[in-house]
Amino acid sequence: MSITSPLLGSPSSDWTDARLLYALEEVVEKELNRHLQVAKDWMPHEYVPWSDARNFPGFFEDGEAWEKEQSKVSEIGRIALVVNLLTEDNLPSYHHEIATLFGRDGAWGTWVHRWTAEEGRHGIVMRDYLLASRAVDPDKLEEFRMSHMGEGFESDNRHSMLHTVAYVAFQELATRVSHRNTGHHSGDPVCDRMLARIATDENLHMIFYRNLLKAAFEFAPDLTMQAVRDVVVNFRMPGHGMPGFERAAAQMAIGEVYNLRIHHDDVLAPVIRFLKIMEIDGLGPEGMKAQEELGLYLGGLDAEARKFDEKLAARKARMAARGKA
């Protein structure tokens, strides 16, 4: 990719968020055009099993109360679906964050609105599926939504456009992986098909931000390396503030929907490997320090993931032994 900028190769002190926004505009336009060419529109209502739907109690005399036995999805599927949907529900806050940082004009603005529109489909189809199929308790789902959205959302990276680009390059892939694994473990082919469609969108979003991050490395390698270091070391999923998130995350880890090993191998490693982040040379002192710290952190995370793998394997062995007893 050829990038032209009067500041290309300039020292880190010359770069500000405003200058980077301007410098990356050409890349954003290119990636936006590529995205529009490969992205396929789809209809959320086509993925919902409407024939399974029936009235809930309330205004309808024939309303039927929800019971767990009505759900076709597994226990871990229900837990992960609620977490995934509540995450998608906070789209207004996410839009506000990126629109504030990226702007609403030019190619940046067009992307922000397109991304928001595509993400909106995910919440629509997931909620319709959950209610039509009676996969989860609708009352608790609405209570959780009100509580989660009532708290609002503030990104850990709201102070920096560059940090935000780095974060979403990883976070979009994390969301894709979480949706995909939720579908695999849901026990319902209809759910799996729906989440596979959502995951396709999330992957395209990841590619957009990943390519933008690649361009940022070309413009301001030291600052970008520091941003990636900060984001990776302090990474949190956007749903971390929802009710009961810690317990749900622990259950999803044991259920192999999302855990340390998946985070290291399927989220961090692919982006870092594709961009060859650990192989970038010519960095200044701060960039080299950030690169070294990133490498140390990844090594430590891999070690922690190995310990988790061992505990999970031991747990599976115990459960298998109990099942034979």
Handout entry: Residues which pass side-chain hydrogen bond (donor to acceptor under 3.5 Å, both in side chains) with Glu286, listed by chain and number, not counting sequence neighbours
Key = none
Practice task
Identify which one of His35, Glu31, Glu29 satisfies the side-chain contact (heavy atoms from CB on, under 4.5 Å) criterion when paired with Trp111.
Solution key: His35
Exercise for the section: Taking the six-membered ring for Trp and the single ring otherwise, decide whether the centroids of Phe102 and Trp115 are under 6.0 Å apart. Expected result: no
Practice task
State whether the side chain of Asp17 and the backbone N or O of Met161 hold a donor-acceptor pair below 3.5 Å, judged by distance alone.
Solution key: yes
Handout entry: Geometric cation-pi criterion, Arg210 with Phe274: 6.0 Å, 45°
Key = yes
Practice task
Return the orientation label for the His263 and Tyr258 ring planes: parallel under 30°, perpendicular over 60°, tilted otherwise.
Solution key: tilted
Problem - Cation over ring face, Arg134 and Phe56, 6.0 Å, 45° - result: yes
Handout entry: side-chain hydrogen bond (donor to acceptor under 3.5 Å, both in side chains) between Glu143 and Ser147, worked out
Key = CA-CA 6 Å; Glu143 290 169 5; Ser147 175; over 6 Å; no
Problem - Residues Lys316, Glu256: salt bridge by 4.0 Å N-O rule - result: yes
Exercise for the section: Kindly say whether the aromatic ring centers of Tyr209 and Tyr167 come within a distance under 6.0 Å. Expected result: no
Could you list the donor-acceptor pairs under 3.5 angstrom formed between side-chain atoms of residues 306-313 and any protein atom two or more places apart in sequence or on another chain?
residue	atom	partner	partner atom	Å
Arg306	NH2	Asp302	OD2	2.9
Asp309	OD2	Arg261	NE	2.9
Asp309	OD2	Arg261	NH2	3.3

Exercise for the section: Could you go through the salt bridge (Lys or Arg N to Asp or Glu O under 4.0 Å) check for Asp89 and Arg127 one step at a time? Expected result: CA-CA 9 Å; Asp89 274 337; Arg127 183 173 302 282; 2.5 Å; yes
Exercise for the section: From the options Asp201, Asp266, Asp192, select the one residue that forms a salt bridge (Lys or Arg N to Asp or Glu O under 4.0 Å) with Arg180. Expected result: Asp192
